[in-house]
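Residue numbering restarts at 1 for every chain, and letters A, B, ... go by the order of the sequence lines. Note that the coordinates shown come from a computational prediction; the quantities given were computed from them, not determined experimentally.
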Amino acid sequence: MNQEFNLDLEKARQEGLAVSLGRRMSSGELQTVSGPKETADIVSDPVRLSKCEEVEIKLPKGLPSLFLLASMLLAFRQVFFGYAVSGFPIFLGLRRVLEAHMLFLGPSRTGKTTGMANVFRQLIRHGIFCLFIGLKDFDPTIVAAGRDGANAKTRFDANFKPCCGKFVLITKQPGLPSAQFNFLRQLRGDIPPALQIAQMLAAMGFDPGTDNMSDKYYIGSSQDMLLKVPLGKSFKELDQNIRKGKFDKDTLYSTAAARHIISQQAALEIDLPEDHPASVSLAKHIKDRDTLYLDCCYQDNGHLALANGGLMAKAAISAKNVAAPGSVIAMFIDESQQFPQPLLTQILAQCASRQIRVFYSFHNLGQMGTSWEVLSMAGTRVIYGAVPGGSTDEHLQRLFGMKKEYVLNVGDSFSSGTSSSVTVGKDVSVTTGESQSQSSQYGFTEKESFAWSPNDTLELNAKKDRFIIQTPDAELAQWGGTAIVGETGGRQISFDDIERLTKEALNDTTHTIGPKNTNPAQKQIPELSKEVLTKREHFLSILNAAAAPRTKV
Amino acid sequence: MSNSLSQIDRSILSFASRVRGFRVRTAYRHSDFKDVGSEEAFRKRIERLCSDGYLASSKLPRGQQIYRLSKKGVEVVAAPPSYSSQPSLNIAAGMLSGSHLALKSEEFIFLSQFELNELLHKLGAGQPPPKTTISLSLRKIAPNDSTGTCEPETHLHALISELRTADELAARAKTVFEKLMQTTLFSELHKAQLFGITICVPTGAFKTAMQSKNLPVGTLVEVVEDLQDLIA
């Protein structure tokens, strides 16, 4: 187990990184930070970095400070994960993070979601479009990370002015205010209906690529039925169109499952006008690099939550190709074991070339079933714990590789013997003899064993802020092919801040509506005429002047 | 203002003239009072202003004190004389909501009566400011995305903070809206999408209930948990 990880400054410098330990490299303005939150904040804040020349990161465990040139951090943007056991920070280059998928593994309550939230928050601050699909329940940690990241003025707008992003909360938890996502409104006109229907069915858990012939029959029949009815602009409309359609008994039988899910989606959906502030337009959000959190709330919505998560993922992939074909977007899927597995396998295997990076979590490798090799095909793995003797425990052993052991052999032997004989004949002879022998030897036997031992797994489970990270060599992360042990070093968002930010998000009604708002049309805002626009500019200048900060009375 | 008052004392009186009344615990968190020391020191300062006759206090139904300007205080900061009267329950609700929302100083800007009149005068292109009994404040709103900028816009908001049921509050918002729309200035501001209503409610559940009501365009609902102190 490589616990003695230190920053390989030489290799980092070879990659063009200006980094120094304990010594400043410039005489310009210095920003000093310490602790996990401040460290994560500074490396993900291009606005602040552009105003200083050098950054000093104070390290724990009595280590000297790490100095990095701000220009280098701007050119090679970083994501902070925690500290190695030795106290050195664990940074992954943003390019590396966005180069391949990232897998988070660990049993319940080991910190997977918090770890994902930390990466989520930093990617938002870097100005990446992030979509977080939470399948379990409304999670304040995610809301706080998303809102905090979006609120931070760490991005530049078109005029090179610092600006913040927008956080959109979509929750299926009854009783909470939410923005509204309508899958059918996101559909693109340039894709043939047959493909759109196939995508929709796949998102709802019907695997068109199944080998099972009876499944093929039911899915094919559902696809055929949907081709015969207008899809409309909402599930409510689609449901009504299906109900109006005249189908024979066989079709009704074979499409019962699909019709049931569509009708349930229709019941859950609130159909808002397209220009309503609470109506989600994925293409627009992706273009504006906003942040979306979809809480599917499995506890309340059961399997409908899974279909909802699948539909959102499919719609985001489709919208991304139109809105930002050249940019990378990040999709986080928490509790992926609940996600429609054929769809997840397809996304992981095929979305890499489309510049969609998936950050997903599982409890263990066993949940991935027979597709585990595809589903665990991630560039970076972060592991928070493992059930001893389980599949993840075994995987951990392989992540750390082998080590040579020299087992000491010690031998010590002692023997003694006595003999006596009496011969009676013509003569009598009596013979006695005594012998003793002693030997000692020692030596070493060379043997290979796993660097990660079962005791290490127990220690990983016992220490709550400990995790394992494995990623290919790059930039500041030069630790070879094997994984390293890390520690979070504390929370990046405190519990008080989580509570405050969640309250703020729930109380921010600008882009949400209450769950029972059945009269959304009244919120439609009419277009302004030229005359009103001129007046508006005049009013706005007076109001803005009145709101300008005043000197104290 | 009186010369015997310190800078912080004058800030406190000015704050009271903007939000009409406040509780010590709430006002202490305001950014204007960052340098006043501990909450206890701040409370003593308020009590001294009371004993000096600049502030007066009233008891809320749950027992906490709410402070407002006294007659002397009203004269010092040139606030409306009605600010010194014993508040009714709905006025106390307005005080609690105003002082609570004022903590979000980047979003809510409360003006004194003089500043408000001056603003309405400017907006009305020199016309005398319309007379209204509704509390008005400025509120920064993130603009519609069509503008393509992240800088918030300043809107004029009517503040409704009354202890009523959700249906009654929705009806009250409609009445207030219709009444204000009879005035040319507010009607023009509304047409320019620069006017709105902020309704303060005591709980998140109440807010959810309010959002299912048919509210006028531009109405936003804010949770002010302090309002629960008005229920004995």
Query raised in the report: Highest number of heavy-atom pairs under 4.5 Å with chain A: which of L116(B), L119(B), L194(B)?
Result: L194(B)
Report task. Could you tell me whether F114(B) atom CZ has more than 12 heavy atoms of other residues or ligands within 6.0 Å of it? Result -> no
Report summary line: Rounded to the nearest 0.5 Å, the CG atom of L123(B) sits from the NZ atom of K535(A) at a distance of 11.0 Å
Query raised in the report: Within the distance-only criterion (no hydrogens, no angle test), does the side chain of K207(B) pair as donor or acceptor with the backbone N or O of L506(A) below 3.5 angstrom?
Result: yes
Query raised in the report: With a 4.5 angstrom heavy-atom cut-off, which part of E106(B) approaches chain A: side chain, backbone, both or neither?
Result: neither
Query raised in the report: Around K122(B), counting heavy atoms of other residues, nucleotides and ligands shown, do more than 12 lie under 6.0 Å from its NZ?
Result: no
Report summary line: Closest non-hydrogen atoms of T154(B) and A547(A), given as atom of the first, atom of the second and distance, are CG2-CB, 3.6 Å
Query - NZ/K503(A): more than 12 non-hydrogen atoms of other groups inside 6.0 Å - result: no
Query - K140(B) versus chain A, the contacting section by heavy-atom distance below 4.5 Å - result: side chain
Query raised in the report: Just wondering, more than 12 heavy atoms not from K104(B) lying within 6.0 Å of its NZ?
Result: yes
Query raised in the report: With chain B, which of I542(A), L533(A), N159(A) has the greatest number of heavy-atom pairs at distances under 4.5 Å?
Result: I542(A)
Query raised in the report: Side chain, backbone, both or neither: which part of L138(B) has a non-hydrogen atom closer than 4.5 Å to chain A?
Result: side chain
Report summary line: Turns out that what part of L189(B) lies under 4.5 Å from chain A's heavy atoms comes down to both
Query - Leading residue by heavy atom contact count with chain A [cutoff under 4.5 Å; candidates M210(B), E225(B), H155(B)] - result: E225(B)
**Report entry** Toward chain A, the part of E118(B) with a non-hydrogen atom under 4.5 Å
**Finding:** neither
Requested in this report: Determine, for R536(A) against E153(B), whether the closest basic-nitrogen to carboxylate-oxygen distance falls under 4.0 angstrom.
Outcome: yes
